[in-house]
Amino acid sequence: MTVPDTTSVLTGDQLIGTRDVPGAGEEFHAVDPRTGERLDPVYRFGVAADVERAATLAWDAFGTYRNTDQETRAAFLEGIADRIDALGAELIGRVTAETGIPEGRVTGELARTTNQLRLFARVVRDGGWLGARVDPAVPGRVPLPRPDLRQRRIPLGPVAVFAASNFPLAFSVAGGDTASALAAGAPVVVKAHPAHPGTSELVGRAIRAAVAAHGLPEGTFSLLHGGRELGVALVTDPRIRAVGFTGSRQGGLALVAAAAARPVPIPVYAEMSSVNPVFLLPGALRERAEELGRAYVASLSTGTGQLCTSPGLVFAMEGDGLDAFVESATAALAGTAAAPMLSAGIRQAYDEGVRRLAGTDAVTEVARGGDDTTIACAGRAALFVTDGDAFLADRSLQDEVFGAASIVVRVRDHAQLLEIAQAVEGQLTATVHATPEDHARAAELLPLLELIAGRVIFNGWPTGVEVGHAVVHGGPFPATSAPATTSVGTRAIERFLRPVSYQDAPAELLPAELRDGNPLGIWRRVDGELGRD
Ligand code: NAP
């Protein structure tokens with residue numbers, strides 16, 4: 001499909017409402033992590049005036065955009081998806097050049113991104129997100145009459161989105177945070193990730209074209225480039241009312257602190273660090289140790305380990321199959337080829353993390369993946385082994401090493417496994433490998449795992465996140481700063497909404513979704529009963 005108003009021309013500008021605004025701050029380039037080559041055009045960080053302008057426009061747009069009808073908003077989301085799809089090979093080529101992610105994976109991520117936008121369009125049309133409830137008045141109730149109370153959800157206000165480095169499409173400018181905020185009726189100001197500015201500009205221009213084509217106010221979307229100063233200025237701007245972030249624990253916590261220190265604090269939905277523990281129970285180890293070893297390394301090396309769901313810790317009980325599992329994983333990992341990491345900074349942080357583990361007395365390095373000196377930012381997988389006592393004694397072994405490094409922990413017995421499950425900090429995922437003979441042990445483990453993780457996986461691997469209605473991509477700190485939510489899937493819209501009640505409101509002042517006769521035909525709870533009346 002061709003949508004005429006898309007463009008693949010890059011100018012290096014920020015997109016503030018309808019204007020192309022060159023940054024007046026520090027100059028930077030995208031760099032191809034495969035070759036180290038600088039990519040055109042030159043970009044520059046924005047300054048305080050750019051944040052001010054984008055936030056003002058977003059606030060001005062809020063009144064109109066939040067009151068768009070469901071069909072207009074859904075068609076807008078679909079319009080963004082169509083325009084991003086229309087960029088096709090141009091966009092895929094730019095993502096590959098800026099991130100080193102292979103074309104096949106980028107193609108899949110592009111489809112996931114536009115499917116996600118279309119999924120949110122369906123969510124908007126469905127209207128369930130409005131959370132409409134009607135408790136009709138009971139004038140004759142004794143001892144006191146009951147008032148007429150009606151409830152719906154409205155958007156919090158303009159949302160600041162911090163794009164992630166590792167999913168340059170699906171968690172970036174038009175990723176899950178942006179899609180769910182726009183679906184909720186919130187204008188969005190994105191701070192692009194500095195590692196992929198060209199990708200950000202292409203996608204940003206597609207969103208801006210959709211804003212214009214659907215007759216929406218210009219401040220519905222803006223895209224800024226910048227460093228930490230600009231990020232903090234955005235989070236502390238009084239017109240910004242919520243923040244979506246994916247990245248490091250340190251970065252997420254800095255933004256949580258900045259938001260909490262505002263005169264009017266706001267929520268920050270930060271997805272940060274997770275090492276995604278995997279628990280191998282004795283029956284599974286006995287039945288399929290070698291296969292588990294190979295599958296573990298395949299999951300670990302996906303995306304050069306730069307996935308928030310990468311399996312960084314494996315807990316396996318001493319007994320039949322454990323040695324075979326370690327041998328199989330060691331051989332598989334030693335056979336992995338080096339691959340480009342996303343940026344020089346991320347590669348450097350990875351190398352430091354691997355050095356720290358290798359230098360830890362109770363930890364043994366058992367394998368390294370191949371090297372490739374022709375790749376500028378080559379990432380080499382690394383496998384370590386320790387035991388349960390050492391793991392319990394050293395909390396730093398739980399720290400995320402972002403990349404394809406992982407530790408196998410040899411656990412003495414079931415009691416130690418349960419102790420470990422209680423000592424592990426908050427995670428996006430926890431995985432259990434079990435055969436039917438393990439189910440009694442798994443039944444003891446599961447209540448502990450659901451306390452630490454947003455998603456519990458059986459007999460699979462944590463990498464690969466479905467975008468749907470039942471998925472949770474969230475979890476207790478430090479996986480996220482807001483454990484009651486998810487950043488992937490249709491529930492993500494709830495982060496940017498809040499409920500409002502209307503008591504004894506005159507009929508003509510009520511929003512359509514709360515009027516008698518249900519003119520929008522949406523699902524509502526009337527006197528507690530769910531229906532479409
Ligand atoms: P990052 O350093 O946290 O940066 C993410 C965004 O937040 C960037 O726009 C960054 O701007 C901004 N930022 C970071 N610290 C900030 C601060 N103190 N104040 C204001 N803004 C701040 O993450 P990254 O660049 O994507 O990757 C670095 C590390 O993040 C990785 O090594 C990994 O540990 C982690 N990571 C985790 C996940 C996950 O899902 N768990 C995903 C991606 C990355 P600047 O670039 O200007 O600093």
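Only a predicted model underlies this, so the values are computations on that prediction, with no experimental measurement involved. All ligand and atom numbering here is 1-based and tracks the order in the structure.
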Restricting to pairs with a member in residues 227-239, which pass side-chain hydrogen bond (donor to acceptor under 3.5 Å, both in side chains), not counting sequence neighbours? Glu52-Arg239, Thr56-Arg239, Asp237-Arg239

For a distance cut-off of 3.5 Å, show me each N or O of ligand 1 paired with any protein N or O, plus the separation.
from, atom 1, to, atom 2, distance (Å)
ligand 1, 3 (O), Ser248, N, 2.8
ligand 1, 3 (O), Ser248, OG, 2.6
ligand 1, 9 (O), Lys191, NZ, 2.7
ligand 1, 11 (O), Lys191, NZ, 3.3
ligand 1, 25 (O), His193, NE2, 2.7
ligand 1, 26 (O), Ser165, OG, 2.5
ligand 1, 26 (O), His193, NE2, 3.4
ligand 1, 30 (O), Ser248, N, 3.2
ligand 1, 34 (O), Glu400, OE1, 3.4
ligand 1, 40 (O), Glu271, OE2, 2.9
ligand 1, 41 (N), Met272, O, 2.1
ligand 1, 48 (O), Arg228, NE, 2.8
ligand 1, 48 (O), Arg228, NH2, 3.3

Would you say Glu201 and Tyr43 are linked by a side-chain donor-acceptor pair, where the criterion is simply a distance under 3.5 Å? yes

List the residues meeting salt bridge (Lys or Arg N to Asp or Glu O under 4.0 Å) with Arg44, not counting sequence neighbours, and say none if there are none.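 If we apply the salt bridge (Lys or Arg N to Asp or Glu O under 4.0 Å) test to Arg44, skipping adjacent residues, the hits are Glu27.
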
Under the salt bridge (Lys or Arg N to Asp or Glu O under 4.0 Å) test, which residues partner Glu365, sequence neighbours left out?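 Salt bridge (Lys or Arg N to Asp or Glu O under 4.0 Å) check on Glu365 returns nothing, list empty.
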
Should the ring pair Phe245 and Phe162 be called parallel, tilted or perpendicular, given that the plane angle runs from 0 to 90° and is split at 30 and 60?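 Ring orientation of Phe245 relative to Phe162: tilted.
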
Is the Phe28 ring parallel, tilted or perpendicular to the His225 ring (thresholds 30°, 60°)? perpendicular

